[in-house]
Amino acid sequence: MKSPRDWPEPIIRVQSLSESCEGRIPDRYVKPPEARPSVAAAGDANIPLIDLGLLESGDEELRRKTLRQVSEACREWGFFQVVNHGVEPELMDRAREVWREFFHEPMEVKQRYANSPTTYEGYGSRLGVEKGAILDWSDYYYLHYLPCNLRDFNKWPYLPSHLREVITEYSTEVVRLGGELLKILSINLGLRQDYLQNAFGGDDVGACLRVNFYPKCPQPDLALGLSSHSDPGGMTFLLPDQNVPGLQVRRGDGWITVKPAPHAFIVNIGDQIQVMSNAIYKSVEHRVIVNSAQERVSLAYFYNPKSDLLIQPADELVSPDRPALYPAMTFDQYRLYIRTKGPKGKSQLLELKSPR
């Protein structure tokens, strides 16, 4: 399977459709009935909220309790929110708002960075290259931060003028947080604290940002901003829109709409950590709903293994009673699936699962 070089059809920007579709969305964006957002997905439940500052409180009991909370969230939810994570609230706000400014630049400014399915880097409006596929109601911008040889500032927008500076500072902080959380996950799995970081490539990890722009949708009951999927990478740090909820997480047979805590990151386990943990930790399906009243902006930072390393269950987590559930595969090989077929629930991991 290779990445195609071109999109199968002309790209139409969803932001432009939102401004011109006059109350009815094109059929290409109407989801089949079973995939449409459900009113029943509302409710008071929320994903776990964890205070990482307690790990440094000096109170050993609070530290153990916080480690347990992270462990339970990774095993039972695949999602959690973290506060007191060390990233300045003001920097988080600046990062979100500078991208909101970008999406309101003139179209000719944004089109300079139009992407292709070869790397997805740049300004885009679809995932997957299946001709005639039902599309999601969103535009996005995708860029690389690590490894350094993939970081090309010419592919980062030059407007707004302060974007590159803000996102460089923000990226440094999120990558730091990613390393800290990998230590916590390794400890909770009974591994050396540097196990997952080394399995990801040590200092040579991958880190990339997808900024999501969800325009107003006149028929939000028929569309999704992002179809159901689990993240193919290692771990994701989502900076949500502080004012407009939209992320939904699979819980049993239903969906929970996440209620973001102020200046929290929403963290979720990706498929690669599910593989490395031999399914002790779970990547979980999630999707994004849209609304007719307000646009949304969110920043998803993907902390990934080095692309050409073999990813497989840790030897320490494999036993005769619990054999390896997944074959070895590089992250480059793995992510071709979603880049070609688009978001498809958890079908990729299910297809890869080793026969027992």
Side-chain angles (χ1 to χ4, degrees), residues 52 55 67 70-80 82 85 144-151 171-210 230-238 265 267-284 300-339 346 348-354:
L52 292 184
L55 292 171
L67 289 174
V70 174
S71 179
E72 290 169 4
C74 292
R75 293 166 184 261
E76 299 174 13
W77 285 84
F79 269 82
F80 52 99
V82 294
H85 40 62
H144 291 287
Y145 181 69
L146 293 176
C148 292
N149 65 301
L150 291 182
R151 190 189 312 166
S171 299
T172 301
E173 287 297 295
V174 175
V175 167
R176 173 195 58 76
L177 179 58
E180 291 177 2
L181 267 175
L182 278 190
K183 288 181 184 177
I184 294 170
L185 269 56
S186 295
I187 291 168
N188 282 338
L189 286 168
L191 304 169
R192 299 185 317 273
Q193 73 168 14
D194 61 355
Y195 179 89
L196 287 176
Q197 186 70 48
N198 289 336
F200 270 47
D203 293 331
D204 204 13
V205 298
C208 47
L209 172 66
R210 176 184 153 118
S230 61
D231 288 349
M235 184 165 46
T236 304
F237 295 87
L238 182 75
F265 280 110
V267 182
N268 64 281
I269 300 301
D271 293 348
Q272 303 307 301
I273 287 183
Q274 176 165 331
V275 169
M276 290 178 179
S277 71
N278 208 25
I280 294 173
Y281 291 166
K282 306 293 194 301
S283 64
V284 170
Y301 227 113
F302 305 109
Y303 193 91
N304 294 330
K306 187 172 182 286
S307 63
D308 59 355
L309 287 181
L310 277 178
I311 303 300
Q312 57 193 335
D315 290 342
E316 296 89 332
L317 304 178
V318 174
S319 67
D321 293 333
R322 191 182 180 89
L325 297 176
Y326 308 99
M329 178 180 290
T330 69
F331 180 47
D332 257 350
Q333 292 170 318
Y334 189 90
R335 65 181 167 189
L336 272 178
Y337 184 99
I338 192 169
R339 289 185 170 188
K346 289 200 69 171
Q348 182 174 9
L349 267 184
L350 293 173
E351 288 178 19
L352 288 176
K353 204 164 186 178
S354 300

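Using modelled atom types, one finds a donor on one side chain and an acceptor on the other under 3.5 Å when comparing Y301 with S171.
Applying the side-chain contact (heavy atoms from CB on, under 4.5 Å) rule to T172 yields the partners Y145; only residues at least two apart in sequence or on another chain are considered. For the ring-ring contact (aromatic ring centres under 6.0 Å, His included) test, residues two or more places apart in sequence or in another chain that qualify with F265 are H85. Residues satisfying the ring-ring contact (aromatic ring centres under 6.0 Å, His included) criterion with F237, sequence neighbours excluded, are absent altogether. Considering only residues two or more places apart in sequence or on other chains, Q312 meets the side chain to side chain donor-acceptor pair (under 3.5 Å) condition with none of them. Residues satisfying the side chain to side chain donor-acceptor pair (under 3.5 Å) criterion with Y281, sequence neighbours excluded, are absent altogether. Partners of D203 under the salt bridge (Lys or Arg N to Asp or Glu O under 4.0 Å) rule, at least two apart in sequence or in another chain, do not exist in this structure. For N268, the side chain to side chain donor-acceptor pair (under 3.5 Å) partners are D231, not counting sequence neighbours. For A73, the side-chain contact (heavy atoms from CB on, under 4.5 Å) partners are P48, I50, F80, not counting sequence neighbours. Taking R176 as the reference, E173, E180 meet the salt bridge (Lys or Arg N to Asp or Glu O under 4.0 Å) condition, with sequence neighbours excluded. By the side chain to side chain donor-acceptor pair (under 3.5 Å) test, S186 pairs with no residue at all, sequence neighbours left out.
To the nearest 0.5 Å, atoms CD (Q274) and SG (C74) are separated by 11.5 Å. Distance NZ/K183 to CG/L196: 12.5 Å, rounded to 0.5 Å. We find the NE2-SG distance between H144 and C208 to be 6.0 Å, quoted to the nearest 0.5 Å. A distance of 6.0 Å separates CD1 of I311 from CG of L309, quoted to the nearest 0.5 Å.
Counting only heavy atoms from C-beta outward, the side chains of N304 and Q272 never approach each other to under 4.5 Å. Counting only heavy atoms from C-beta outward, the side chains of L189 and L317 approach each other to under 4.5 Å. Looking at heavy atoms from C-beta onward, L325 lies out of side-chain contact with P313 at the 4.5 angstrom threshold. Using a 4.5 Å cut-off on side-chain heavy atoms (C-beta onward), L146 and R151 make contact. Within the 4.5 Å cutoff, the side chain of T236 has no heavy atoms near those of the I269 side chain. Between Y303 and V205, the closest side-chain pair of non-hydrogen atoms falls below 4.5 Å.
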**Request:** Let me see the working for I273 and F200 under side chain to side chain contact (heavy atoms under 4.5 Å, CB included), right down to the final yes or no.
**Result:** CA-CA 10 Å; I273 287 183; F200 270 47; 3.9 Å; yes
**Message:** For a side chain to side chain contact (heavy atoms under 4.5 Å, CB included) check, start with the C-alpha distance between F302 and M235, then their side-chain angles and the critical distance, and finish with the verdict.
**Reply:** CA-CA 6 Å; F302 305 109; M235 184 165 46; over 6 Å; no
**Request:** Please report the C-alpha distance between L55 and L67 in whole Å, then the side-chain angles of each, then the deciding distance to 0.1 Å, and finally whether the side chain to side chain contact (heavy atoms under 4.5 Å, CB included) criterion is met.
**Result:** CA-CA 8 Å; L55 292 171; L67 289 174; 4.0 Å; yes
**Request:** For the pair V267 and L177, evaluate side chain to side chain contact (heavy atoms under 4.5 Å, CB included) and give the outcome as yes or no after the intermediate values.
**Result:** CA-CA 11 Å; V267 182; L177 179 58; 5.9 Å; no
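The side chain to side chain contact (heavy atoms under 4.5 Å, CB included) test with V70 is passed by exactly one of V82, I184, I187: I184.
Among all heavy-atom pairs drawn from R75 and N188, the shortest one is NH2-O, 4.0 Å. Considering all non-hydrogen atoms of both residues, S230 and D271 come closest at OG-OD1, 2.8 Å. Closest heavy-atom contact between T330 and S307: CB-O, 3.5 Å.
Sorted by first and then second residue, the salt bridge (charged side-chain N to carboxylate O under 4.0 Å, His left out) pairs with a member in residues 308-319 read K306-D308; sequence neighbours excluded.
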